[in-house]
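Have a look at the structure below before the remarks.
Labels below follow one simple rule: chain letters A, B, ... track the order of the sequence lines, proteins then strands, and each chain is numbered from 1. Keep in mind the model is a prediction, meaning the values are calculated, not measured.
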Amino acid sequence: MIAQKVRFRLLDAIIVVALLGLAGWVYYRIAYGIEYKANWGVIPQYLLRRDGATGRLVANYLVEGLLTTLRLSVWSTLLAMLVGVLVALSRTSSSLFWRLVGGAYVETIRNLPPLVLIFIFYYFVIDQLMPLLGLDALLSSRSMGALRAIAWLFADPSLLTQLISGVITLAFFQGAYISEILRAGILSIERGQREAAWSLGLSKLDTMRFVIMPQVVRRVLPALANEFVNTIKYSSIASVVSIQELTFMGRQVVVATRAIFETWITVSLMYMTLTLTLSLFTSRLEQRLRARD
Amino acid sequence: MPSLPDIAPLAPSDAAAAPADDILIIEDVFKSFPGVEAVRGFSARIRRQEVVVIMGPSGSGKSTLLRCLNGLEQADSGLIIVDGIPLDDNHAHRLEIRQETGMVFQSFNLFPHLTVLENINLAPMRVRHKSEQEATARSMELLGMVGIADKASSYPAHLSGGQQQRVAIARALAMSPKIMLFDEPTSALDPEMINEVLDVMKDLARAGMTMVVVTHEMGFAREVADRIILMDSGSIVETGTPDTFFTNPREERTRRFLSQIL
């Protein structure tokens with residue numbers, strides 16, 4: 001990139017003044033116009049609280065919610081990648097059957113609102129699939145250590161069913177978008193790459209794994225990163241089915257404190273901590289991969 | 001130099017009545033694409049250690065024919081037998097034939113995300129299940145042979161066209177193929193890089209590799225070809241040794257072709 005000298009011109013000055021004016025007006029409206037008394041003092045106790053018995057600081061609603069959002073996002077992103085890869089492969093396969101299956105899945109998901117999807121999935125998954133998994137029986141036979149590990153990795157055993165159905169819903173939703181990105185990536189790889197791999201005697205699977213996919217991932221990483229950020233953002237709709245993630249907890253805190261602005265601004269900052277960290281990480285990764293070409 | 005495998009007896013099949021010396025049997029191959037008949041009844045037998053150069057005007061079907069030989073294109077009809085293995089619907093046969101034939105493309109087709117060494121190691125490690133040390137030892141030997149051992153850890157994008165094509169040749173040789181197929185290997189190269197690639201190919205021919213080369217390089221054909229085949233409109237116009245082909249062609253079409261390119 002060419003480094004350009006930054007000049008501050010009259011137009012820039014006007015824009016800065018206008019922005020400051022707007023910010024001041026918003027502040028004025030909030031402070032005096034709607035007689036809203038900001039009370040930031042109530043927020044910290046909902047982030048961390050002192051445990052009555054041990055006197056140690058432990059996570060309270062908002063931080064608990066953030067951790068749940070993190071777990072929800074990580075697991076659904078991993079599952080969504082798996083779904084995305086399988087669907088992208090089936091959509092680019094030579095078999096008409098698999099192309100149709102993949103196409104039907106993607107079109108269904110893409111043409112429904114996520115909120116509707118989560119209701120459908122949630123009730124279906126909770127009612128039909130979860131008993132099949134035999135989760136309760138599995139949990140009751142575990143040791144305390146195993147239960148604690150499950151609580152740390154996923155959720156408290158009492159909330160595990162909800163979390164898993166949330167993960168499955170998000171993964172199937174995001175999987176459709178990820179598969180479209182990967183499919184476009186696969187189609188963008190020159191035919192010669194595949195032919196060179198085949199002519200060396202590599203199987204179709206090895207060709208995908210060692211030749212095509214590594215190049216696809218490099219090419220679509222920016223779009224994938226965007227989708228990962230979207231997964232974090234969309235995880236907030238899981239709050240409507242009582243998964244106690246950040247948005248859900250935010251609502252609880254608002255109900256308890258009536259500190260609407262303070263709470264939602266705090267929640268926003270917490271979301272941005274996650275998403276901006278992720279963006280930073282992926283752009284680093286992009287730079288490192290690009291260093292080779 | 002690549003060590004040449006021992007001559008294996010041909011597997012019995014109806015076309016195996018041929019002398020065991022024919023490593024590649026092509027009989028009456030047809031291949032058409034929508035709107036174009038690319039190959040129309042091509043037949044040839046290629047002996048072990050023979051170097052055959054296929055020439056012809058563009059669109060004469062020579063590249064398509066070459067790509068049929070290792071199954072990159074599926075011939076509509078006809079018979080292709082590579083070292084006793086028929087190229088048919090059996091997927092295992094196809095994979096086996098691809099392991100026994102190396103192919104070098106006009107556009108190199110190196111894997112851009114892998115280093116030169118990793119490009120060459122990939123197939124021996126994944127297909128022949130060699131250990132990394134084993135594969136690397138052989139790859140470095142081949143890189144030395146094509147004269148770019150110092151580029152082993154570079155990425156293809158940092159190499160010149162000529163260097164990339166030499167890596168592509170080394171990559172194909174790493175599978176110890178019995179036949180090497182070259183599809184216009186110098187057509188995408190700048191003039192000053194053509195010779196470094198041709199020199200490698202000449203070395204290979206002298207070492208006794210069986211080669212089928214689609215090219216317009218007259219000098220190369222004259223020097224190393226045992227046989228030259230002129231193709232036009234998907235079939236053979238004339239076959240001959242370089243001597244008769246260049247100095248005393250039988251067919252009027254051959255004379256016209258030679259006058260256009262010489």
Side-chain angles (χ1 to χ4, degrees), chain A residues 1 81 85 88-90 92-98 181-225 282-293, chain B residues 63 66-67 69-74 91-116 118-129 153-158 164 167-168 170-177 179-183 188:
Chain A
M1 210 184 289
M81 273 304 281
V85 168
L89 289 181
S90 71
T92 52
S93 106
S94 51
S95 137
L96 178 66
F97 173 75
W98 287 113
I181 292 172
L182 291 176
R183 183 173 79 108
I186 291 172
L187 294 178
S188 79
I189 304 291
E190 303 73 18
R191 215 173 95 170
Q193 292 290 309
R194 210 159 288 165
E195 292 181 346
W198 289 346
S199 72
L200 287 166
L202 261 72
S203 66
K204 278 191 173 178
L205 187 68
D206 276 354
T207 301
M208 263 296 159
R209 195 170 141 206
F210 296 104
V211 177
I212 307 297
M213 274 306 179
Q215 297 187 57
V216 168
V217 169
R218 275 174 181 74
R219 260 183 220 191
V220 302
L221 195 63
L224 273 186
T282 48
S283 64
R284 282 281 159 77
L285 193 63
E286 270 170 55
Q287 277 169 7
R288 269 189 42 193
L289 292 176
R290 203 174 301 146
R292 294 179 177 187
D293 315 317
Chain B
S63 284
L66 201 69
R67 292 160 56 81
L69 299 184
N70 67 351
L72 283 186
E73 303 287 356
Q74 191 159 11
H91 190 63
H93 285 168
R94 181 171 306 239
L95 276 182
E96 207 176 332
I97 285 175
R98 284 176 178 166
Q99 290 164 26
E100 304 301 332
T101 56
M103 190 167 207
V104 175
F105 299 85
Q106 182 177 351
S107 50
F108 328 136
N109 296 349
L110 294 181
F111 307 133
H113 61 297
L114 301 178
T115 64
V116 164
E118 288 165 343
N119 261 278
I120 306 176
N121 276 353
L122 179 63
M125 285 172 65
R126 294 306 310 173
V127 181
R128 299 254 196 252
H129 305 291
S153 53
S154 303
Y155 284 94
H158 297 149
Q164 289 193 44
V167 172
R171 180 175 69 177
L173 289 175
M175 288 294 285
S176 306
I179 305 179
M180 284 286 286
L181 309 174
F182 291 85
D183 187 6

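- Listed for the B:H113 side chain is a donor-acceptor partner under 3.5 Å among the backbone atoms of A:F210.
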Test side-chain contact (heavy atoms from CB on, under 4.5 Å) applied to B:L95 and A:L202, step by step: CA-CA 8 Å; B:L95 276 182; A:L202 261 72; over 6 Å; no
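- Only the side chain of B:R67 comes within less than 4.5 Å of a heavy atom in chain A; its backbone stays farther off.
- Checked by atom type and distance alone, the side chain of A:Q193 pairs as donor or acceptor with a backbone atom of B:L110 at under 3.5 Å.
- What you find for B:R171 and A:A196 is that their closest heavy atoms are NH2-CB, 3.4 Å.
- Atom CD1 of B:I97 and atom OG of A:S199 lie 13.5 Å apart (nearest 0.5 Å).
- Note that NE2 of B:H91 is 7.5 Å distant from OG of A:S203, once rounded to the nearest 0.5 Å.
- Both the backbone and the side chain of B:F111 come within contact range of chain A, each with at least one heavy atom under 4.5 Å from a heavy atom of that chain.
- For A:R209, the part sitting under 4.5 Å from any heavy atom of chain B is the side chain, from C-beta outward, and nothing else.
- Taking CG from A:L200 and CZ from B:R126, the interatomic distance works out to 13.5 Å, rounded to the nearest 0.5 Å.
- Neither the backbone nor the side chain of A:R194 comes within contact range of chain B; no heavy atoms are under 4.5 Å apart.
- Closest heavy-atom contact between B:P112 and A:Q215: CG-OE1, 3.2 Å.
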